[in-house]
Amino acid sequence: MSGRFRICHSAESRTLPELPEVETTRRGIAPHLQGQHIAELRVRQWRLRWPIPRELPSLLAGQPLGSLARRGKYLLFGFPSGTAILHLGMSGSLRLLSESTPPGKHDHVDFILGNATALRYTDPRRFGALLWTADDPEQHPLLRDLGPEPLGESFDGDYLFRRSRNRRVSSKAFIMDSKVVVGVGNIYANEALFMAGLRPGRAAGRLSRAECVRLAEQIKAVLNKAILAGGTTLRDFVGGDGKPGYFSQELSVYGRGGEPCPRCATALKSIRQGQRATVYCPRCQR
DNA sequence: ACGAAGCCCTGCAAGC
DNA sequence: TGCTTGCAGGGCTTCG
C-alpha cells in the first residue's frame with residue numbers, strides 16, 4: 001500500500017467489537033495518526049452511553065496527537081493536555097476517510113485531521129462512549145478497577161485460580177467480568193470455554209488449578225488467533241487497510257447452536273446465561 | 001462482598 | 001405488505 005489509506009464506506013456485516021477488533025482498529029489507524037493534529041472535532045450526536053463532554057471540541061482543536069493506546073476495549077488518544085477515552089460499545093467502529101465524505105445516519109463524530117482526512121466514529125446503537133480526562137487515564141473511574149490484560153504476563157492460570165476461589169458465579173460470567181480480566185466478551189468467552197473443555201455454567205470456584213491453566217491458555221490463544229485474523233468481522237471494520245477479517249468463519253461454537261460439535265459431532269447446546277447467549281458442547285465440555 | 005437483574009440503543013428477524 | 005414485538009449485546013448501575 002502506498003501510504004494512502006483505503007476509503008471505506010460500506011456499512012455491512014459488523015459484529016461486536018471485542019478486544020481483537022479494538023486492537024485491530026488501533027493498529028490499523030495508529031500509523032495514519034502519526035504526526036497529525038486535530039484540526040477540528042465535529043460532533044453530530046452528543047448522546048452516547050454517556051454524553052460527550054461539551055467542551056471536548058475546544059479542548060481538542062489544534063492539539064497534536066500523541067500515542068494511541070488500548071486498555072481493555074478502551075482506546076486512549078493521548079494529547080498534551082489529557083486523554084480522550086473512546087469505547088466502541090457493541091456496534092461502534094472507526095474508519096479513516098476523506099473529510100468530505102458525507103456522514104451517514106450513525107456517523108456521530110469526526111476527528112478532522114490536519115491533512116483533510118477524518119477519523120470517523122460510527123455507532124448505530126450508541127453503546128459507545130467518548131470521554132476526556134486531564135489526569136492519568138489509568139486512574140479514571142472507568143479504567144481504575146479493570147483487571148489485567150488477557151495477553152499480558154500477569155494473566156495466567158494461577159491468577160485465574162486465585163481470583164476464582166470462593167466464587168459461585170458461572171465460569172463464563174467470571175471470565176467476562178472486566179474486574180477479573182478485560183476484553184473477554186461473549187463470543188470469545190464461549191470459544192475459550194469450548195477450547196478448554198469447560199462447561200460455561202460451572203461455578204468458577206469449582207475449577208481446578210489445572211482447569212484454570214487451560215482456560216487462561218485458551219483465552220490467550222483465541223484472542224491471539226482473532227487478532228492475527230484481523231478481528232472477527234468485518235469487511236470494513238477499520239479503515240486501516242480495509243482487509244476483511246475471516247475469523248468469524250473459524251468460530252467453533254458461537255452462533256452455532258444445534259450444529260454438530262466440531263470435535264465430537266454432538267449437537268451444540270444453546271442456552272441463555274444471564275441474558276447472554278451461551279453455546280457449548282454437552283459432551284466435550286464438563 | 002457478592003450475584004443477578006436492569007438499563008441504555010437500534011437494526012434486524014419473526015410473527016400477526 | 002406493514003405493523004408490532006422480541007432479541008441481541010458491553011458494561012455500568014442498581015437492587016437484593
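Below, read A as the first sequence line, B as the second, and so on, with proteins coming before strands; counting in each chain starts at 1.
Considering A/R276, A/E191, A/K172 as possible partners of A/N186, the one that fulfils the side-chain hydrogen bond (donor to acceptor under 3.5 Å, both in side chains) test is A/K172.
Ring orientation note: the planes of A/F79 and A/W132 are tilted relative to one another, at an angle of 30° to 60°.
Nearest to the side-chain atoms of A/K105 among the listed nucleotides B/dG11, B/dG6, C/dG10 stands B/dG11. Of the candidate nucleotides C/dT13, B/dG6, C/dG9, B/dG6 has the atom lying nearest to any side-chain atom of A/Q275. The side chain of A/R49 sits closest to C/dG11 out of C/dG11, C/dG9, B/dG3. Among the nucleotides B/dA4, C/dG10, B/dG11, the one closest to any side-chain atom of A/P124 is B/dG11.
In terms of phosphate contacts, A/H87 brings no side-chain nitrogen or oxygen within less than 4.0 Å of OP1 or OP2 of C/dC12. For the OP1/OP2 pair of B/dG3 and a distance below 4.0 Å, the side-chain nitrogens and oxygens of A/R167 include at least one atom meeting the criterion. An OP1 or OP2 oxygen of C/dA8 is reached within less than 4.0 angstrom by a side-chain nitrogen or oxygen of A/R272. Contact between the side-chain N/O atoms of A/Y254 and the OP1/OP2 oxygens of C/dA8 is not found at any separation under 4.0 Å.
Within a 6.0 Å radius of NZ in A/K220, more than 12 heavy atoms belonging to other residues, nucleotides or ligands are found. Within a 6.0 Å sphere centred on CZ of A/R286, heavy atoms belonging to other residues, nucleotides or ligands number more than 12.
The distance between atom CG of A/L88 and atom P of B/dC8, rounded to the nearest whole Å, is 22 Å. Atom CZ of A/F127 and atom C1' of C/dC7 are 12 Å apart (whole Å). Between the CG atom of A/N186 and the C1' atom of C/dG11 there is a distance of 12 Å, given to the nearest Å. When rounded to the nearest whole Å, the span between CD of A/E18 and P of C/dA8 equals 16 Å. Here B/dT10 presents its C1' atom at 14 Å from CZ of A/R47, a figure rounded to the nearest Å. The distance between atom CZ of A/R126 and atom P of B/dC8, rounded to the nearest whole Å, is 12 Å. In this entry the distance linking NE2 of A/H140 with C1' of C/dG11 reads 14 Å, nearest Å. One can place CG of A/D123 at 11 Å from C1' of B/dC8, the figure rounded to the nearest angstrom.
Taking a cutoff of 4.0 Å between a charged side-chain nitrogen and a carboxylate oxygen, A/K179 and A/D145 do not qualify as a salt bridge.
A/L48 comes within 4.0 angstrom of no nucleic acid atom, judged by non-hydrogen atoms across all strands.
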ask   = Which is it for A/N190 and A/Y188 under the side chain to side chain donor-acceptor pair (under 3.5 Å) test, yes or no, and what are the steps along the way?
value = CA-CA 5 Å; A/N190 277 295; A/Y188 298 112; over 6 Å; no
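Of all the residues in residues 170-183 of chain A, A/M176, A/S178 reach under 4.0 Å from DNA chain C with at least one non-hydrogen atom.
For A/R256 and A/F194, the positive end is not near the middle of the six-membered ring at less than 6.0 Å and at most 45° from its axis.
Between A/T117 and A/E99, the side chains place no donor N or O within less than 3.5 Å of an acceptor N or O (distance only, hydrogens not considered).
At a cut-off of 3.5 angstrom, counting only N and O atoms as typed in the model, there is a donor on one side and an acceptor on the other between the side-chain of A/R276 and the base of C/dG11.
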